[in-house]
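Report on the structure given below.
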Amino acid sequence: MLEAAVACLAEHGWAGSTVSVVAEHAGVSRGAAQHHFPTREDLFTAAVEYVAEERSAALRALPVQGRTAVVAALVDLYTGPLFRAALQLWVAASNESQLRPRVTELEARVGRETHRIAVELLAADETKPGARETVQGLLDMARGLGLANVLTDDTARRQRVVAQWAALVDDALD
């Protein structure tokens with residue numbers, strides 16, 4: 001059900017993703033969906049949280065590797081369906097007061113976890129001046145690349161940017 005919600009949100013946006021649409025996509029009745037998730041907001045915040053936790057688990061499971069591979073893996077987080085779904089949720093939250101606090105809290109938690117994992121994977125020493133900002137800048141850049149990817153596939157350009165950022169991160173963190 002949660003994966004179906006993320007898929008619908010990424011594919012149809014907030015306006016086109018109703019509990020009925022998700023239930024149909026998941027192969028369950030609308031009543032069954034509403035039994036577990038009484039409101040649309042409950043369903044979609046739970047879905048994005050679930051997939052974000054799965055994403056974090058996948059990041060934590062990455063083998064120790066060079067920083068270039070880590071930078072590429074972090075950027076990949078922002079170019080898939082989870083990012084598209086999260087983006088739709090952010091846009092909806094900007095206009096819907098009952099959704100805003102839930103999404104804001106969720107994104108703050110996911111952002112802290114992603115930053116913590118990135119620090120670990122990059123072997124960044126945050127006691128070193130500029131290290132924290134370097135990691136955060138990388139994550140902000142990755143989010144920007146994800147936004148660019150929403151409208152067009154910019155894989156070739158993104159690969160060049162990732163290579164350059166990997167070199168910058170490596171220099172800044174050494």
Check your understanding: Taking atom CD of Glu113 as the centre, does the number of heavy atoms from other residues, nucleotides or ligands within less than 6.0 Å exceed 12?
Key -> yes

Practice item. Verify, without hydrogens or angle tests, whether Arg132 (side chain) and Glu126 (backbone) share a donor-acceptor contact under 3.5 angstrom. Key: no

Check your understanding: Regarding His115 and Glu120, is there a side-chain donor-to-acceptor distance under 3.5 Å anywhere?
Key -> no

**Study point:** Under 3.5 Å side-chain donor-acceptor pair for Thr152 and Asp154
**Key:** no

Check your understanding: Under a 4.0 Å N-O cut-off, is there an ion pair linking Glu49 with Arg109?
Key -> yes

Check your understanding: Under the side-chain contact (heavy atoms from CB on, under 4.5 Å) criterion, do Gln159 and Val162 qualify, and how do the steps go?
Key -> CA-CA 5 Å; Gln159 288 172 340; Val162 166; 5.7 Å; no

Check your understanding: Do the non-hydrogen side-chain atoms of Glu107 and Leu89 ever get within less than 4.5 Å of each other?
Key -> no

Point to revise | Thr68 side chain to Ala166 backbone, donor-acceptor under 3.5 Å | key: no

**Study point:** Glu24, CD atom: more than 12 neighbouring heavy atoms under 6.0 Å
**Key:** no

Check your understanding: Between the main-chain N or O of Gly146 and the side-chain N or O of Asn149, is there a donor-acceptor pair closer than 3.5 Å?
Key -> no

Check your understanding: Passes side-chain contact (heavy atoms from CB on, under 4.5 Å), Thr18 versus His12? Steps please.
Key -> CA-CA 10 Å; Thr18 64; His12 305 295; over 6 Å; no

Point to revise | side-chain contact (heavy atoms from CB on, under 4.5 Å) between Ile117 and Leu121, intermediate numbers included | key: CA-CA 6 Å; Ile117 293 169; Leu121 291 172; 3.7 Å; yes

Review point. Nearest 0.5 Å, what's the CH2-CG distance between Trp165 and Leu74?
Key: 12.0 Å

Review point. Is any side-chain heavy atom of Phe83 less than 4.5 Å from a side-chain heavy atom of Leu147?
Key: yes

Check your understanding: Under 4.5 Å between any side-chain heavy atoms of Asp170 and Asp174, yes or no?
Key -> yes

**Study point:** NZ or CZ of Arg40 within 45° of Trp14 ring axis and under 6.0 Å
**Key:** yes

Exercise for review: Using atom types as modelled and distance alone, determine if a side-chain donor or acceptor of Arg30 lies under 3.5 Å from a backbone N or O of Ala23.
Suggested key: no

Review point. Hey, does the side chain of Thr114 reach the backbone of Gly111 with a donor-acceptor pair shorter than 3.5 angstrom?
Key: no

Review point. Would you say the side chain of Arg157 lies within less than 4.5 Å of the side chain of Leu145, judging by non-hydrogen atoms?
Key: yes

**Study point:** From Leu138, Leu168, Val161, residue fulfilling side-chain contact (heavy atoms from CB on, under 4.5 Å) relative to Val71
**Key:** Leu138

Exercise for review: Return yes if some donor-acceptor pair links the side-chain N/O of Arg100 with the main-chain N/O of Ala93 below 3.5 Å, else return no.
Suggested key: yes

Exercise for review: Could you grab the distance from atom CD of Gln34 to atom OG of Ser20, nearest 0.5 Å is fine?
Suggested key: 7.0 Å

Check your understanding: Where do Gln88 and Gly13 come nearest, in terms of heavy atoms and distance?
Key -> OE1-CA, 3.2 Å

